Protein chains: 4
Amino acid sequence: MSTQQDSPATSSRVQRKRGQRIQKILTTAAELFGERGYDAVSLEDVADRLDVTKGSLYYYFASKEELVTAAIETLGNDWTDRLERLASETGGPPAQRLRTLIHEHVTIAVRDYPEALRLFLVPTKWPEPQRERIKSLRLRHNEVFRVVLEEGVGTGEFVVTSIDTVLQCMHAAMAQAPAWCGPLRGTARARAVGELTDTLMMLTGLRPPRA
Amino acid sequence: MSTQQDSPATSSRVQRKRGQRIQKILTTAAELFGERGYDAVSLEDVADRLDVTKGSLYYYFASKEELVTAAIETLGNDWTDRLERLASETGGPPAQRLRTLIHEHVTIAVRDYPEALRLFLVPTKWPEPQRERIKSLRLRHNEVFRVVLEEGVGTGEFVVTSIDTVLQCMHAAMAQAPAWCGPLRGTARARAVGELTDTLMMLTGLRPPRA
Amino acid sequence: MSTQQDSPATSSRVQRKRGQRIQKILTTAAELFGERGYDAVSLEDVADRLDVTKGSLYYYFASKEELVTAAIETLGNDWTDRLERLASETGGPPAQRLRTLIHEHVTIAVRDYPEALRLFLVPTKWPEPQRERIKSLRLRHNEVFRVVLEEGVGTGEFVVTSIDTVLQCMHAAMAQAPAWCGPLRGTARARAVGELTDTLMMLTGLRPPRA
Amino acid sequence: MSTQQDSPATSSRVQRKRGQRIQKILTTAAELFGERGYDAVSLEDVADRLDVTKGSLYYYFASKEELVTAAIETLGNDWTDRLERLASETGGPPAQRLRTLIHEHVTIAVRDYPEALRLFLVPTKWPEPQRERIKSLRLRHNEVFRVVLEEGVGTGEFVVTSIDTVLQCMHAAMAQAPAWCGPLRGTARARAVGELTDTLMMLTGLRPPRA
DNA sequence: CATGAATGAGGATTCATTCAT
DNA sequence: CATGAATGAATCCTCATTCAT
């Protein structure tokens, strides 16, 4: 009865298709959850934006919670990947590299994931298993910045009271970036992103650029 | 013969009682909503913590939304009042006054209204009327800091790229304070609050104190 | 402690006051219930329109049901009283007297009790005791019309298939009168009431007046 | 190979099933709402009679209001359809056709939709959108009777004071029919319906048939 | 008498989740 | 795989009723 041939070729094409499907779902979910928060988004909402039915989502994810977690995870990993790549490609003194990282991070946040970033900040009371995964995500992400920051402190280029505190402040501020810069367009947005970057660099003890 | 004797007296006593009742509700509500967010808190939760029934809440507030809004408003006003008083009582150069304000703000956040600040930051999609009231609250609150910041910039003591951006970063970071410092106890917490204050002061272009 | 003197004078004055109070309540209640129906009117609504609190109503009536019943009863009795008086004062042939009755009935309905009449028609499932009282009210009220109708049939002036059926149709139509004529003003309303009266008279086998 | 085979077929079968389901709900709802009125019927009641859960109703209708409106609409349209068909099939002079219409209308009311008519009469305060739809329903329904009535008036067969008034009285009386004839059984009911029809025909200026 | 306050039992509505097809 | 359908638990909200003062 079944016309399905599980040849490796088919299987892999199917596999790819499946992967894309899931990616699409995760992106959309992250978007929505970031926009309104976990509780305010129903699976119906997600399904609607994807133009499928609620039932379909359950084929890929066992529960709402699993969906958000996966969304956060994928998104966080992609994001961190990009930053890590950028960090490894960028040379120059720590100050310049940190600036590049911050700028890129804010740009990604504002341009690619308009709202999703907030998901990392708000410590919604996840059940234990999820909490762990998210925590480790945050750690890995944080590490990219910490490395540069520590190097700068090591060379005396940066002067800070507490590296951890600086990192926290940076992330808190960057997470709000979409809310501040998102509504702006074109040059105005670019300038806002620039000012935010400059301002955050001051946390390292540098003076503002044009002052 | 004295059928009127209790008109003004009683009325005012009753009035006072009512005011207290409402305050109690508002505080409790702000607490809960701040802890878990609007959607994650049911009126049952609020009622439970107050040891009354859901129905009673509706005697004072027409809807869940009205309750949160009122809670946010009272809380925000009280908070700003305290900061304004502090600002007017504190002398010295802008740097010192700003530091005092930040320190107090963080302290209040961590000690008195654990988590409640998030209500101001997270842009829960309030219906228009509420949004306006909350916005104006935030503005008034922001003003306290802005005044000092502008003064410092005027005297050249502070050097910043953009006053608005600095304010935004400060508030974003301070709003996370309870999540960072809240779990700590005693000296550890005091030190954390201090480091946060010092770090945020760097946004004004000052070098870290003991570096 | 009590300054209350139960002298007959006081008592009767109090009694009168009480009576007026109750009348006011009943009228208002009948109005509201007639307007929107039993279920759609809350005691709060009644209290609001009377400018008292819900609690006060319970001083005079033990329950919502008792209030409506009393409202219907008073209103029905007053109404029937007026019609009975009118019937006994009016002379002439049955046709003329019936026309007078119908006209007066519609006028009262439209002018004095804009909405309350419907209370008699809609057989809301009252509990037994109430049902009986309302039924007997309706009977007494109906009797005024029946007497004249039967007389006319007796003299051969009226020609009908069934007296009961004619009565039912009349009452059904008259109960809708406020909905039809109520919105009209001045002459327009007077004409509408006139046409309704003429039309209903045709149920007795008379030709329309101006035809 | 036939992975598409069931697209149109299935879809239409599913569609039909859905239609039937909705019809079933609508009928049941109209029944209940007609019996007891909008406020006195809970969705639980409707669900119970359908042997499903409240939640299921919300799968088909977004709110209680939408459900009643739809119920009224379907019911009203079906009803009017039947009358219109009857009107177009019936020949003879206006008097005979009007009598047929009235008789059929009352019969439908008493037999098929006991009590449902009240929904059209009682001006439950619907929100504007619903009110319009119901109003137009009533108009269409009224038209069937008006056409015949006007024709009779045109030929001089009917003599009335006001066509509109006659129509209103007819509908008011017919709406009460279920309350009068419903409790009766067999011949008694048939006779009651007959008497009502005869009586209402008198509104056109005809004398009663066998008098 | 009258009021403010509180209650508890419904009733409307939402939504994650399950499942047959 | 995907969908439509159904469910039931939770949640918001209303309201008749009670009661202390």
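Naming convention: chains lettered A, B, ... in sequence-line order (proteins, then strands); numbering from 1 in each chain. From a predicted model like this one, the values you see are computed outputs, not experimental measurements.
For the pair A/K64 and A/F33, the NZ or CZ position fails the cation-pi test of under 6.0 Å to the six-membered ring centre and within 45 degrees of the ring normal.
Counting only heavy atoms from C-beta on, A/V52 has its side chain closest to F/dT3 among F/dT3, E/dG10, F/dC15. Nearest nucleotide to the D/Y60 side chain, out of E/dC1, E/dG11, F/dA6: F/dA6. Listed candidates were E/dC1, F/dC13, F/dA2. Nearest to the side chain of A/R21 is F/dA2. Taking every side-chain heavy atom of B/L43 into account, F/dC13 is the closest of E/dT17, F/dC13, F/dG4. If you check F/dT7, E/dA12, F/dC12 against the side chain of D/T53, the one that comes closest is F/dT7.
Heavy-atom distances to DNA chain F give each of C/E44 and B/D45 a nearest nucleotide, and the one nearer the 5′ end belongs to B/D45.
Proximity of a side-chain donor or acceptor of A/T27 to a complementary backbone N or O of A/Q23 within less than 3.5 Å is detected. Side chain of C/S56 to main chain of C/V52: no donor-acceptor pair is present (N/O by atom type, distance under 3.5 Å, no hydrogens or angles).
Residue C/V41 is in sugar-phosphate contact alone, with no base atom involved, counting any heavy-atom pair closer than 4.0 Å across all strands shown. Within the nucleic acid shown, D/K17 has no heavy atom closer than 4.0 Å to any nucleic acid atom. D/F61 comes within contact range of no nucleotide atom at all, as no heavy-atom separation falls under 4.0 Å. Note on D/S56: a base of the nucleic acid sits closer than 4.0 angstrom, heavy atoms only.
Base-pair partner of F/dA20: E/dT3 (Watson-Crick or G-U wobble, both distances under 3.5 Å).
The shortest side-chain heavy-atom distance between C/Y60 and C/L26 does not fall under the 4.5 Å cut-off. By the 4.5 Å heavy-atom criterion applied to side chains, C/L50 and C/L57 are counted as neighbours.
Scanning atom types as modelled, no donor and acceptor separated by under 3.5 angstrom connect the side chain of B/K54 and the base of E/dT7.
The interatomic distance linking C/Y58 (OH) with E/dA6 (P) rounds to 18 Å, in whole Å. The CG atom of D/L57 sits 12 Å away from the C1' atom of E/dT13 (whole-angstrom rounding).
OP1 or OP2 of E/dA5 sits under 4.0 Å from a side-chain N or O of B/Y59.
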